[in-house]
Structure formats: structure tokens, C-alpha cells
2 protein chains.
Amino acid sequence: MLRLNRITDYAVVVLTQMAREPDKLVTAPQLSQDSNVPQPTVAKLLKELTRGGVLASHRGVNGGYTLAREPEAISMLEIIIALEGPVSLTACVDGAEGDCEVERLCPVRGNWDRVNGAIHDALKGVSLADMTSPATMFGVSIEPRARPASAH
Amino acid sequence: MLRLNRITDYAVVVLTQMAREPDKLVTAPQLSQDSNVPQPTVAKLLKELTRGGVLASHRGVNGGYTLAREPEAISMLEIIIALEGPVSLTACVDGAEGDCEVERLCPVRGNWDRVNGAIHDALKGVSLADMTSPATMFGVSIEPRARPASAH
DNA sequence: GTAAACCGTACCGCAGCAGTCCTGTATTGG
DNA sequence: CCAATACAGGACTGCTGCGGTACGGTTTAC
């Protein structure tokens with residue numbers, strides 16, 4: 001588990017396509033067609049990405065979407081935040097403390113921050129440009145976990 | 001988001017208590033009482049943790065649970081796996097490929113492994129013992145709210 | 001003014017989780 | 001041997017949240 005929403009999954013696919021031609025203005029119907037994801041769904045996530053500052057939108061005829069910045073400057077973290085809200089494994093740490101009925105005797109509260117921080121960094125260290133990278137797909141030799149000192 | 005189940009959250013609380021006296025045999029009702037989590041729920045997660053190899057169980061009168069290993073040798077990763085199954089952000093990567101209708105033109109498949117690997121490592125790097133440590137993580141002091149030292 | 005495209009919101013069905021309960025099995029002690 | 005205790009396993013239910021859709025509004029180009 002620890003899975004992210006399917007919407008976010010789709011978003012990465014769509015964003016990857018856009019990252020290939022970073023300055024091109026693309027419409028939602030167009031992206032839907034290219035990605036095989038239903039149009040209403042694509043439209044929905046594009047809107048959320050715009051609100052999250054990942055995309056820039058242009059309205060009216062000949063409108064569409066572009067990336068807000070170069071693909072290298074867009075991290076997986078902000079994509080996920082735009083679509084799913086703040087990243088944190090537990091409810092305790094991000095303001096919803098009232099809901100935690102064991103809060104008062106919970107001895108681990110602050111310690112989750114270590115885990116959250118690690119994951120935060122991991123996601124921040126991977127950019128959209130990284131996701132567009134080589135044709136290493138389809139099983140064959142994705143360079144094994146030891147990545148060239150890009151993240152932390 | 002990217003949140004884990006509440007069960008897992010409870011589990012860490014319970015395990016933390018057990019880690020204070022690693023060799024002590026504790027019963028589910030006892031742990032329920034100490035943690036303020038309903039007994040059936042505690043029993044459920046204890047069973048799952050046992051199946052996952054995190055705990056060892058002893059049946060019969062005077063039975064109960066103990067940690068399967070020292071707290072230093074139990075990682076957050078295996079706790080999460082025991083309760084939520086394999087950790088991976090996307091459905092694409094762990095066998096459920098049939099469900100992904102855009103699989104054939106999905107250009108990012110393999111690249112998720114980089115992200116998954118990073119998170120994997122992050123969770124593996126934090127042990128149960130780390131979670132029991134005093135509330136002085138990151139210099140932030142979490143006041144211990146005076147719990148009535150019941151189980152230790 | 002019209003058409004193309006984004007914007008916002010509301011709505012619904014369904015999967016998955018939280019939580020409970022029940023029956024079975026092992027172990028201890030009288 | 002019997003009874004009590006505690007774990008094992010599975011079935012069941014209510015509910016939240018997500019995926020997906022639809023609709024009406026607004027902006028802009030021609």
C-alpha cells in the first residue's frame with residue numbers, strides 16, 4: 001500500500017508528455033487523446049495542477065495549458081501536493097490533532113517527523129524532467145536503485 | 001495525503017510501548033488498556049503483525065505477544081508491509097499491470113522505481129527503536145503530557 | 001456575437017477501511 | 001480431564017473518500 005491516487009498517477013503521465021515540449025500550449029482534449037485518459041478526468045487534474053502552481057492556463061479560443069516552469073524545476077513533491085494535499089504519513093502531525101483520541105498518551109508523535117522528512121526529501125529530489133528520462137522503460141535495466149547522487 | 005492506515009498508526013503506538021520492555025510477554029487486553037485503543041482493534045493488528053513476522057505470539061493461559069527481535073532490528077518498512085502490504089506509490093509496478101489501461105503508452109513506468117526506491121530506503125532507515133526515543137527529535141521538544149506510567 | 005476553451009461546483013456509485021463479532025485452537029493449572 | 005485464558009482466522013457491516021461525470025459560468029479570439 002502507501003499508494004497515491006490514480007489521479008496523481010495520470011497526472012504524471014500527462015505532465016511527462018507536456019515536458020517533452022515545455023513551451024507548447026496544449027488543450028485538455030488534446031492531452032486526453034494523447035494519454036488515453038477520459039477527458040473529464042484530464043480536465044479535472046489539469047485544473048488542480050493549475051491551482052497548485054504546476055501549470056499555467058490560458059483561457060479562450062486557442063487557449064490551453066503550459067508548464068509553469070521548466071521540467072527540471074518541477075518536483076514530484078509539488079505535483080503530489082497539488083493533487084493530494086500536504087504529504088504526511090500520519091494525521092497527527094498536520095493540524096488534525098483534535099481527531100486523535102489517543103493523542104494525549106501518544107509517545108511517538110514527534111518521531112514521525114523523521115519519517116515524513118525522509119519521504120519529503122525523496123520526493124523533492126526527483127523532478128519531472130527525471131521522469132521523462134531515458135527509454136529505460138518496460139522492464140529492462142532501470143539503473144538499479146543506486147542513482148547518481150541526484151537526490152539527497 | 002499519502003497517508004497510511006489508522007491501524008498502522010495505532011500499531012506504532014502499541015509497538016513503541018512493547019519496545020520499552022522488549023522481552024516482556026504482554027496480552028492484547030493489556031495493550032489495549034495501555035494504549036486506549038479498543039481491544040478488538042488491537043487484537044486485529046497484533047495478529048497481523050505476528051503474521052508479518054514483527055511479533056512472536058504465545059498461546060494459552062499466560063500467553064501473549066513479544067517482539068520478534070530487538071527494537072533496533074525492526075524497521076518501519078516491515079511494520080508497514082505487515083499491515084498494508086507492499087509499499088509502492090503506483091499500481092503499475094507491482095504486478096497489477098493488467099489493470100492499467102494506459103500501460104501500453106505509459107512512458108513513465110520504470111521511472112517510478114526511482115521514487116519508490118527512495119521511499120523504501122527512507123522507511124527502512126528508521127527502526128522501531130528510533131521511534132521510542134525521547135521527544136527531542138529535530139530539537140523540537142514534545143512535552144510528554146504526563147502519562148501515568150502504567151505499562152512501564 | 002459566436003465558438004472554443006478553461007473554471008467552479010455539485011453530484012453519485014463504489015471500493016476499501018475501521019471496527020466488531022463469532023468460532024476454533026492451543027496451553028496452563030487445578 | 002476439565003475449565004479458563006489467550007491467540008487464530010474469518011465473516012460481516014457501516015461509512016468515508018475517491019473516481020468519475022455533468023452542468024452552468026466566464027474568458028478570449030476572430
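Letters A, B, ... are given to chains in the order of the sequence lines, protein chains preceding strands, and every chain is numbered from 1. Only a predicted model underlies this, so the values are computations on that prediction, with no experimental measurement involved.
Protein atom CD of A:Q39 is 13 Å distant from nucleotide atom P of C:dA4, rounded to whole Å. Atom P of nucleotide D:dG17 and atom CZ of A:R3 are separated by 20 Å, given to the nearest angstrom. Distance, A:L45 CG to D:dC18 C1': 14 Å, rounded to whole Å. To the nearest angstrom, C1' of D:dG9 lies 15 Å from CG of B:L46. Computed from coordinates, the B:N5 CG to D:dC15 P distance equals 20 Å when rounded to whole Å. Residue A:E48 contributes atom CD, which lies 14 Å from atom C1' of C:dC6 at whole-angstrom precision. Straight-line distance from the NZ atom of B:K44 to the P atom of D:dA8: 15 Å, rounded to whole Å. Atoms CG (A:L49) and P (C:dG8) sit 14 Å apart, rounded to a whole Å.
For C:dT27, the OP1/OP2 oxygens have no side-chain nitrogen or oxygen of B:N62 closer than 4.0 Å. Contact annotation: B:R6 side-chain N/O to C:dG19 OP1/OP2 distance is under 4.0 Å. When the side-chain nitrogen and oxygen atoms of B:S57 are compared with OP1 and OP2 of D:dA6, none of them lie within a distance under 4.0 Å. Phosphate contact (OP1/OP2 of C:dT20, side-chain N/O of B:T41, threshold under 4.0 Å): present. Between B:T50 and D:dC7 there is no side-chain polar atom (N or O) within less than 4.0 angstrom of OP1 or OP2.
Using a distance-only test at 3.5 Å, with no hydrogens or angles considered, a donor-acceptor pair links the side chain of B:T50 to the main chain of B:L46. At distances below 3.5 Å, not a single donor-acceptor pair connects side-chain atoms of A:N116 with backbone N or O atoms of A:V87. Remark: side-chain polar atoms of B:E84 are not paired, donor with acceptor, to backbone N or O of B:I81 under 3.5 angstrom.
Candidate nucleotides D:dT21, D:dT5, C:dG8 were compared by shortest atom distance to the side chain of A:R51, and C:dG8 ranks first. When distances are taken from the side chain of B:Y10 to each of D:dT21, C:dG8, C:dG19, the shortest belongs to C:dG19. Of the candidate nucleotides D:dC18, D:dA29, D:dC7, D:dA29 has the atom nearest to the side chain of A:V61.
Contact annotation: side chain of B:R59 to base of C:dT25, donor-acceptor pair present below 3.5 Å.
The residue B:I7 sits close only to the backbone: its heavy atoms come under 4.0 Å of sugar-phosphate atoms, none of a base. Contact annotation for A:A43: no contact, since no heavy-atom pair falls under 4.0 Å across all strands.
The side-chain heavy atoms of A:L55 and A:L67, taken from C-beta on, include a pair separated by under 4.5 Å.
Side chains of A:Q17 and A:S35: a donor-acceptor N/O pair is absent below 3.5 angstrom, by distance only.
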